[in-house]
Amino acid sequence: DQQVKQNSPSLSVQEGRISILNCDYTNSMFDYFLWYKKYPAEGPTFLISISSIKDKNEDGRFTVFLNKSAKHLSLHIVPSQPGDSAVYFCAARGGGSQGNLIFGKGTKLSVKP
Amino acid sequence: DAGVIQSPRHEVTEMGQEVTLRCKPISGHDYLFWYRQTMMRGLELLIYFNNNVPIDDSGMPEDRFSAKMPNASFSTLKIQPSEPRDSAVYFCASSFRGQTFSGANVLTFGAGSRLTVL
């Protein structure tokens, strides 16, 4: 049973507009959530994270929102750029000082010029 | 720093053959993870080590899979015998407990090893 779900396999957005990637989770014990970005033929790279005690974290064009009551988080990219086209993975940390990361299946974002 | 280095990048083998994937973590990192990516299951954790000691291998699919970390700079993931359903991209990642972003320990991934079992 998947503990981290990304229900949209793909998303297409026009350059300059907002991209919103969604993620749902089932385990209320997760203490950190992370987003990774992956280009073809490369490994995933860390993008942004948020603690479970916060509801928003912002880093430049990237903002992650966390709604604990709904067990839902989202990644907003504003404005979207063609270079943002990649697969985005949502991940949750299981707690403890170094729990493993549980990943969703990913959402492929395409930003069209 | 060269990052996490994995070899081979691509491996094509026949069913029943032994496959060995290799990983060199970032120097100084004390955690090492092996993940597998498939279309059906996404990225799933197979096993992880702390200071060369296996901590959690509950994700290892079956006895055909084994992983070792003989020292801080090298790890292997072995599949024997290999089967077509093992075809996937295998990622190695490492992290350092003391390095955090907003409090979360961040894993650095290698480029992956794409395995095809015919």
Side-chain angles (χ1 to χ4, degrees), chain A residues 1-10 23 25 30-59 62-64 66 73 86-108, chain B residues 2-7 9-10 23-26 29-51 53-60 88-114:
Chain A
D1 187 27
Q2 274 206 301
Q3 296 188 66
V4 178
K5 298 179 183 179
Q6 293 177 257
N7 293 319
S8 298
S10 63
C23 179
Y25 62 96
F30 289 143
D31 62 351
Y32 279 96
F33 302 90
L34 301 87
W35 286 92
Y36 277 75
K37 180 168 72 173
K38 184 185 180 303
Y39 292 118
E42 296 183 10
T45 56
F46 170 75
L47 187 58
I48 191 170
S49 67
I50 188 168
S51 164
S52 61
I53 63 173
K54 296 187 175 181
D55 55 19
K56 178 182 175 180
N57 189 27
E58 190 172 352
D59 183 4
F62 303 90
T63 303
V64 57
L66 175 62
L73 64 153
V87 176
Y88 289 78
F89 290 97
C90 172
R93 197 179 80 165
S97 60
Q98 182 69 66
N100 76 79
L101 293 182
I102 299 170
F103 285 84
K105 289 187 178 181
T107 297
K108 184 176 182 179
Chain B
V4 177
I5 299 172
Q6 292 188 245
S7 64
R9 291 294 310 275
H10 302 275
C23 175
K24 176 178 168 51
I26 292 174
H29 280 194
D30 52 355
Y31 284 85
L32 183 138
F33 304 79
W34 282 101
Y35 281 86
R36 176 172 70 175
Q37 183 187 15
T38 61
M39 290 293 290
M40 289 297 296
R41 301 175 68 87
L43 266 170
E44 52 179 341
L45 178 71
L46 300 177
I47 185 172
Y48 78 94
F49 297 81
N50 176 217
N51 291 323
V53 176
I55 302 301
D56 183 356
D57 66 354
S58 59
M60 297 286 263
V89 182
Y90 291 81
F91 288 101
C92 176
S94 68
S95 71
F96 172 56
R97 179 177 176 151
Q99 180 184 36
T100 64
F101 290 88
S102 301
N105 303 83
V106 172
L107 277 60
T108 301
F109 283 80
S113 294
R114 179 176 293 276

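In what follows, chains carry the letters A, B, and so on, assigned in the order in which the sequence lines appear, proteins first and then strands, with residues in each chain numbered from 1.
In this structure, the separation between OH on A:Tyr36 and CZ on B:Phe109 is 5.5 Å, given to the nearest 0.5 Å.
Contact count versus chain A (heavy atoms, under 4.5 Å) is highest, among B:Arg114, B:Met40, B:Glu44, for B:Met40. The greatest number of non-hydrogen atom pairs below 4.5 Å with chain A, out of B:Ala111, B:Gly42, B:Gly112, is found for B:Ala111.
The minimum heavy-atom distance linking B:Gln37 with A:Lys38 is given by the pair OE1-CE, 3.6 Å. Here the shortest heavy-atom pairing between B:Phe91 and A:Gly43 reads CE2-CA, 3.5 Å.
A:Ser49 places none of its side-chain heavy atoms less than 4.5 Å from the side chain of B:Val106.
Contact annotation for B:Asn50: neither backbone nor side-chain heavy atoms come within less than 4.5 Å of a heavy atom of chain A. If you measure heavy-atom distances from B:Leu45 to chain A, the contacts under 4.5 Å come from the side chain alone.
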